[in-house]
Asks: 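I'd like to ask some things about the structure below.
In what follows, chains are A, B, ... by sequence order, proteins preceding strands, each numbered from 1.
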Number of protein chains: 2
Amino acid sequence: MALGKDYATQECSIARALEIVGERWTLLVVRDALYGVRRYNDFLVHLGIPRAVLAARLQTLTGEGILEKRRYQQSPPRDEYVPTERGIALWPTLRSLGLWGREHFTETQLRYFRHVDCGTEIGPYGECPACRTVVPIEDVVMEPGPGADRDPADPVSRALLRPKRLLEPLEPLEAEPT
Amino acid sequence: MALGKDYATQECSIARALEIVGERWTLLVVRDALYGVRRYNDFLVHLGIPRAVLAARLQTLTGEGILEKRRYQQSPPRDEYVPTERGIALWPTLRSLGLWGREHFTETQLRYFRHVDCGTEIGPYGECPACRTVVPIEDVVMEPGPGADRDPADPVSRALLRPKRLLEPLEPLEAEPT
DNA sequence: ACAGGTTGGTTCAATGACCGAACCGACAAT
DNA sequence: ATTGTCGGTTCGGTCATTGAACCAACCTGT
């Protein structure tokens, strides 16, 4: 993570994890990837991240096996970045970080996460309180909450406004009627 | 968090959380606080963090209500930094981040976390698999695993080597016999 | 054939965060 | 009076981040 790059003296898996995903923007890139963002330009407009930083982060994330760069069309050559198992494994951390942020620093709820089978909101440990099972990430549906901006500027935010499963790519991104 | 300081365009509780605890060192300071570190100097030697950065982090953490600065002796005036409820609420996030780091980037286990009532190792969701309950942080005992350094240089690491409950202050810190 | 747009980058100067070392003030012990 | 400890602050140098500009490959429309 920047500068010293490592937490040299730390003998700790938390420090180890932070060396990899602790840099600025990194976890937000992973979050977006789990939300279904795949393409360089979509990350760019959704995050408002400087291009150089995005390129650097995508490179280290693919280097660490958290995202995978995958060619999805030959001409013109276009790549997408897809979360690997290792990236997906960050979901509990991101969920609990988001929960903490919401409970302590946000007035209104910005998004709901629900169990696709029953519509129940996911509990604090990632479980469905109704079904009493841990909900795998691909069975989580995300939808906007009362605090969400109904008319965001960028098309990616707008696409994320309609309910969708996590991990499901946000492909079509059809042009809007003005 | 540094530079832009905020993730301006992000309307997201994860981004909000990262604005507060996403800076370099911050989460390691909180981790140490949960492990029982209380005093400026103990953070300093245990983390190997620059003094100025530590001072800055402690200030923002107390400012955000994550740690509380508390005078514990009058002369000479000495303060300790204690995690508040808001700081304690970061435990699930830190635990799951550490779990991710261990599973994906570490060969040997550096620490065990066990349920004090039964000695069972805490499960991936913070639960005790034997008792089938979520274990509150003060009922978690931390002890070194096979990968831990048996003879670390700084006294704080050495104090953390013997099993102790989380949150329990690591006070005495007796001088060592040479 | 050519202009212009889209995508996915790289380069660069300026800014700001972080680093380590030095310094400082309050107090205690000798 | 000197030395040591604790909890900082200050400071110059280094390194990461930023935003803007540039670039190359390819496509589309005319």
Asks: Ignoring backbone atoms, establish whether B/Tyr81 has a side-chain N or O less than 4.0 Å from OP1 or OP2 of D/dG7.
Replies: no
Asks: Could you state the atom-to-atom distance from CD of A/Gln59 to P of C/dG9 in whole Å?
Replies: 9 Å
Asks: Tell me which of A/Arg51 and B/Ala52 sits closer to the 5' end of DNA chain D, going by the nucleotide each one is nearest to.
Replies: B/Ala52
Asks: Under 4.0 Å between a side-chain N/O of B/Ser75 and OP1 or OP2 of C/dA26, yes or no?
Replies: no
Asks: Would you call A/Arg165-A/Glu138 a salt bridge at under 4.0 Å N-O?
Replies: no
Asks: Whole Å only: how far is the CZ atom of A/Arg39 from the C1' atom of C/dG8?
Replies: 10 Å
Asks: State which of C/dC27, C/dT7, D/dC6 makes the closest approach to the side chain of B/Pro76.
Replies: C/dC27
Asks: Touch check for A/Val53, heavy atoms < 4.0 angstrom, all strands: base, sugar-phosphate only, or nothing?
Replies: base
Asks: Centre of A/Tyr72's six-membered ring, under 6.0 Å away, within 45 degrees of the axis: is that where NZ or CZ of A/Arg39 sits?
Replies: no
Asks: Hey, does the side chain of B/Asn41 come within less than 4.0 Å of D/dC6's phosphate (OP1/OP2), counting only N and O?
Replies: yes
Asks: For residues B/Leu67 and B/Thr84, determine if any side-chain heavy atom of one lies less than 4.5 Å from a side-chain heavy atom of the other.
Replies: no
Asks: Check whether any side-chain N or O of A/Arg78 sits under 4.0 Å from OP1 or OP2 of D/dC26, and answer yes or no.
Replies: no
Asks: Name the nucleic acid region contacted by B/Phe43, choosing base, sugar-phosphate or nothing; use a 4.0 angstrom heavy-atom cut-off, strictly under.
Replies: nothing
Asks: Any side-chain N or O of B/Trp25 below 4.0 angstrom from OP1/OP2 of C/dA17?
Replies: no
Asks: Give me the one residue out of A/Leu61, A/Thr60, A/Val53 that meets side-chain contact (heavy atoms from CB on, under 4.5 Å) with A/Val29.
Replies: A/Leu61
Asks: Is A/Lys69 close enough to C/dG9 that one of its side-chain N or O atoms is under 4.0 Å from OP1 or OP2 there?
Replies: yes
Asks: Any side-chain N or O of B/Arg24 less than 4.0 Å from the OP1 or OP2 oxygen of D/dA16?
Replies: no
